[in-house]
Amino acid sequence: QVQLVESGGGLVQPGGSLRLSCAASRSIVSISRMGWYRQAPGKERELVATFGSGGTTNYADSVKGRFTISRDNTKNTVYLQMNSLQPEDTAVYFCHGVLDFRVYWGQGTQVTVSS
């Protein structure tokens, strides 16, 4: 079992940056597919950025080159650095992970990009 807690969301101007954090309640080295999804009102939840097998990364085409996923295993934390934010990035961002064939989600953190 694992609890995931996101932080770092907020209101930012177009072109601005935010860094999201996801703190896990246990070591993240054994949690697979860790990363970030997002969901805007009326939209399907979509993958943003995740770690795959062997620490590979997977990004949505819409964020590639602007967002960077990283991790600090000593802090049991996964990060999402978001640069050049656009209004279409506005959504609730959720931390995600898989442990013992179970999918875990954080509570979500709101990101709003508006002028």
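Remember, predicted model here, so these are calculated numbers, not experimental data. In this chain, numbering begins with 1 at the start of the sequence shown.
Note: the hydrophobic cluster containing Val111 does not contain Val92 (ILVMFWY, side chain heavy atoms under 4.5 Å, direct or indirect links).
Every residue two or more places apart in sequence or in another chain that forms a side-chain hydrogen bond (donor to acceptor under 3.5 Å, both in side chains) with Thr50 is listed here: Arg33. Residues passing the side chain to side chain contact (heavy atoms under 4.5 Å, CB included) test with Ser30, sequence neighbours excluded: Arg26, Leu99. Not counting sequence neighbours, Lys75 has no partner by the salt bridge (charged side-chain N to carboxylate O under 4.0 Å, His left out) test. By the side chain to side chain contact (heavy atoms under 4.5 Å, CB included) test, Val12 is found to be paired with Leu18, Leu85, Val113, residues two or more places apart in sequence or in another chain being considered. Residues meeting the side-chain hydrogen bond (donor to acceptor under 3.5 Å, both in side chains) test with Ser17, sequence neighbours left out: Asn83. Residues passing the side-chain hydrogen bond (donor to acceptor under 3.5 Å, both in side chains) test with Gln86: none are found, sequence neighbours excluded. Legend: residues meeting side-chain hydrogen bond (donor to acceptor under 3.5 Å, both in side chains) with Thr74, ordered by chain and number and at least two apart, are Asp72. A search for ring-ring contact (aromatic ring centres under 6.0 Å, His included) contacts involving Phe67 returns nothing, not counting sequence neighbours.
A 6.0 Å sphere centred on CD of Glu88 holds more than 12 heavy atoms belonging to other residues, nucleotides or ligands. For Gln3, the CD atom sits in a loose shell: 12 or fewer heavy atoms of surrounding residues, nucleotides or ligands are nearer than 6.0 Å.
Between Gly97 and Leu4, the shortest heavy-atom contact is N-CD1, 3.9 Å. Residues Val48 and Val63 approach most closely at O-CG2, 3.6 Å, considering heavy atoms. Of all the heavy atoms in Leu47 and Ala60, the pair that sits closest is O-CB, 3.4 Å.
A cation-pi arrangement is present between Arg71 and Phe51 under the rule of less than 6.0 angstrom and at most 45 degrees off the ring axis.
The side-chain heavy atoms of Leu20 and Thr109, taken from C-beta on, include a pair separated by under 4.5 Å. At least one side-chain heavy atom of Leu11 sits less than 4.5 Å from a side-chain heavy atom of Ser114. Within the 4.5 Å cutoff, the side chain of Val98 has no heavy atoms near those of the Ile31 side chain.
Remark: Ile69 CD1 to Asn58 CG distance equals 9.5 Å, nearest 0.5 Å. We find the CE-CG distance between Met34 and Asn76 to be 9.0 Å, quoted to the nearest 0.5 Å.
Within the structure, every pair that satisfies the disulfide (SG to SG under 2.5 Å) test and touches residues 50-115, not counting sequence neighbours, is listed here: Cys22-Cys95. Applying the side chain to side chain donor-acceptor pair (under 3.5 Å) test to residues at least two apart or on different chains, the pairs with a partner in residues 96-107 are Glu6-Gln107. Sorted by first and then second residue, the salt bridge (charged side-chain N to carboxylate O under 4.0 Å, His left out) pairs involving residues 104-114 (not counting sequence neighbours) form an empty list.
Of the possible polar contacts, none joining the Thr90 side chain to the Thr112 backbone as a donor-acceptor pair under 3.5 Å is found.
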What pairs of donor and acceptor atoms, side-chain ones from residues 35-43 against any protein atom, are under 3.5 angstrom apart with sequence neighbours left out?
residue : atom : partner : partner atom : Å
Arg38   : NE   : Glu46   : OE2          : 2.8
Arg38   : NH1  : Asp89   : OD1          : 3.0
Arg38   : NH1  : Tyr93   : OH           : 2.9
Arg38   : NH2  : Glu46   : OE2          : 3.3
Arg38   : NH2  : Ser62   : OG           : 3.4
Gln39   : OE1  : Arg45   : NE           : 3.4
Gln39   : OE1  : Arg45   : NH2          : 3.4
Gln39   : NE2  : Lys43   : O            : 3.2

Between Val78 and Ile28, is the side-chain contact (heavy atoms from CB on, under 4.5 Å) condition met? List the steps. CA-CA 9 Å; Val78 175; Ile28 63 173; 4.1 Å; yes
